[in-house]
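We count ligands from 1, going down the list as the structure has it; atoms in each ligand are counted the same way. One is the number of the first residue; the rest follow in order along the sequence. As the structure is a computational prediction, the values presented were derived from the model and not from experiment.
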Amino acid sequence: MKAFTLEPLPYDYGALEPFIDSATMQVHHDKHHQAYTDKLNTALATHPELQDIAIEEMLSDLGKLPEDIRMAVKNMGGGYYNHNLFWQVMGPNAGGVPAEELAKAIGTTFGSFDSFKEKFAAAATGQFGSGWAWLVVGKGGLAVCNLPNQDSPLSNGDTPILGLDVWEHAYYLKYQNRRAEYVANWWNVVNWGKVAELFAKAKK
Ligand SMILES: [Fe+2]
């Protein structure tokens with residue numbers, strides 16, 4: 001039976017210091033992300049007929065899944081997929097501003113890069129409890145939203161190209177209750193090159 005695997009982080013645990021600390025990255029990837037992966041596999045093990053379906057496909061149409069594992073795929077599969085994206089859209093020596101096509105699209109949609117950042121940060125700090133802030137490509141083009149828990153934008157027909165995890169496990173060791181400070185510092189580790197790549201793919 002095929003199982004989903006947790007890929008190693010694409011950089012060292014300490015690579016995002018001082019904005020995200022090494023201890024947080026280690027427990028976040030090795031414990032939390034591993035747990036989502038394992039629990040997703042446990043749920044899918046009861047349905048071998050689903051083994052060749054991509055996680056994106058399952059999250060895009062949860063209603064098509066057998067009812068007994070639908071919630072597990074939404075939560076654990078969402079956690080698996082969201083964190084895969086999260087590690088990729090961050091990196092060392094990152095931050096700054098997006099380039100070319102993505103910069104243009106952000107400017108057109110939000111007025112300016114700064115107003116986009118304001119809107120995204122408001123979505124991140126305003127998410128009550130656990131969840132994520134998202135920049136997605138939807139039917140109307142780029143949009144910012146927040147979603148609770150591990151809900152994936154894919155389940156709403158949107159393609160996520162940038163996500164910020166605002167579960168306490170993502171920041172509590174370093175920032176305690178100061179989510180806004182975590183959000184403000186996080187811009188320094190955004191890998192805009194990767195976001196631009198996902199943007200180009202999402203538009204096709
Ligand atoms: Fe997380």
Side-chain angles (χ1 to χ4, degrees), residues 3-44 55-56 58-60 62 71-92 94-95 120-136 144-156 158-192 194-195 198:
F4 288 99
T5 51
L6 177 63
E7 297 295 324
L9 265 190
Y11 34 75
D12 294 339
Y13 297 118
L16 307 183
E17 295 264 12
F19 309 109
I20 303 182
D21 58 293
S22 178
T24 296
M25 289 301 287
Q26 189 159 9
V27 75
H28 200 173
H29 178 272
D30 295 5
K31 304 295 182 193
H32 291 279
H33 198 182
Q34 184 71 61
Y36 291 121
T37 309
D38 293 344
K39 288 174 183 169
L40 172 64
N41 285 329
T42 302
L44 290 174
I55 189 64
E56 288 87 347
M58 290 193 241
L59 292 170
S60 296
L62 289 167
M71 195 51 87
V73 172
K74 177 180 153 104
N75 291 333
M76 304 308 162
Y80 174 72
Y81 173 82
N82 292 342
H83 288 87
N84 280 344
L85 183 96
F86 191 47
W87 312 133
Q88 287 179 49
V89 296
M90 299 190 291
F120 189 93
T125 52
Q127 169 58 44
F128 181 73
S130 298
W132 292 68
W134 295 105
L135 174 63
V136 302
V144 161
C145 67
N146 54 20
L147 292 173
N149 307 314
Q150 296 296 352
D151 292 8
S152 168
L154 290 172
S155 306
N156 299 333
D158 295 329
T159 304
I161 61 169
L162 177 67
L164 171 54
D165 188 344
V166 294
W167 283 58
E168 284 187 344
H169 70 225
Y171 63 88
Y172 206 83
L173 286 181
K174 182 177 170 75
Y175 293 96
Q176 291 83 48
N177 62 323
R178 303 186 306 277
R179 186 191 285 188
E181 193 184 324
Y182 159 66
V183 172
N185 280 342
W186 176 75
W187 294 113
N188 293 295
V189 299
V190 174
N191 177 357
W192 286 109
K194 184 68 196 181
V195 182
L198 295 171

**Prompt:** W186: what forms a side-chain hydrogen bond (donor to acceptor under 3.5 Å, both in side chains) with it, not counting sequence neighbours?
**Reply:**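 Partners of W186 by the side-chain hydrogen bond (donor to acceptor under 3.5 Å, both in side chains) criterion come out as none, since no residue qualifies.
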**Message:** Listing by chain and number, which protein N, O or S atoms are under 2.8 Å from the Fe ion (ligand 1)?
**Reply:**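 H28 NE2, H83 NE2, D165 OD2, H169 NE2, with waters left out.
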**Among I161, L59, T159, V136, the one residue meeting side chain to side chain contact (heavy atoms under 4.5 Å, CB included) with P153** =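 Looking at I161, L59, T159, V136, the match for P153 under the side chain to side chain contact (heavy atoms under 4.5 Å, CB included) is V136.
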**S130: partners by side chain to side chain contact (heavy atoms under 4.5 Å, CB included), with sequence neighbours left out** =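 Partners of S130 by the side chain to side chain contact (heavy atoms under 4.5 Å, CB included) criterion, ordered by chain and then number, come out as W167.
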**Asked** Taking only residues two or more places apart in sequence, or in another chain, which ones meet K74 in a salt bridge (charged side-chain N to carboxylate O under 4.0 Å, His left out)?
**Response**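 Expected list: D151.
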**Request:** Please name the pair of heavy atoms, one in H33 and one in W87, separated by the smallest distance, quoted to 0.1 Å.
**Result:**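 Heavy atoms of H33 and W87 come nearest at ND1-NE1, 2.8 Å.
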**Prompt:** Parallel, tilted or perpendicular: which describes the rings of H32 and H28, with under 30° parallel and over 60° perpendicular?
**Reply:**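 Rings of H32 and H28: perpendicular, over 60°.
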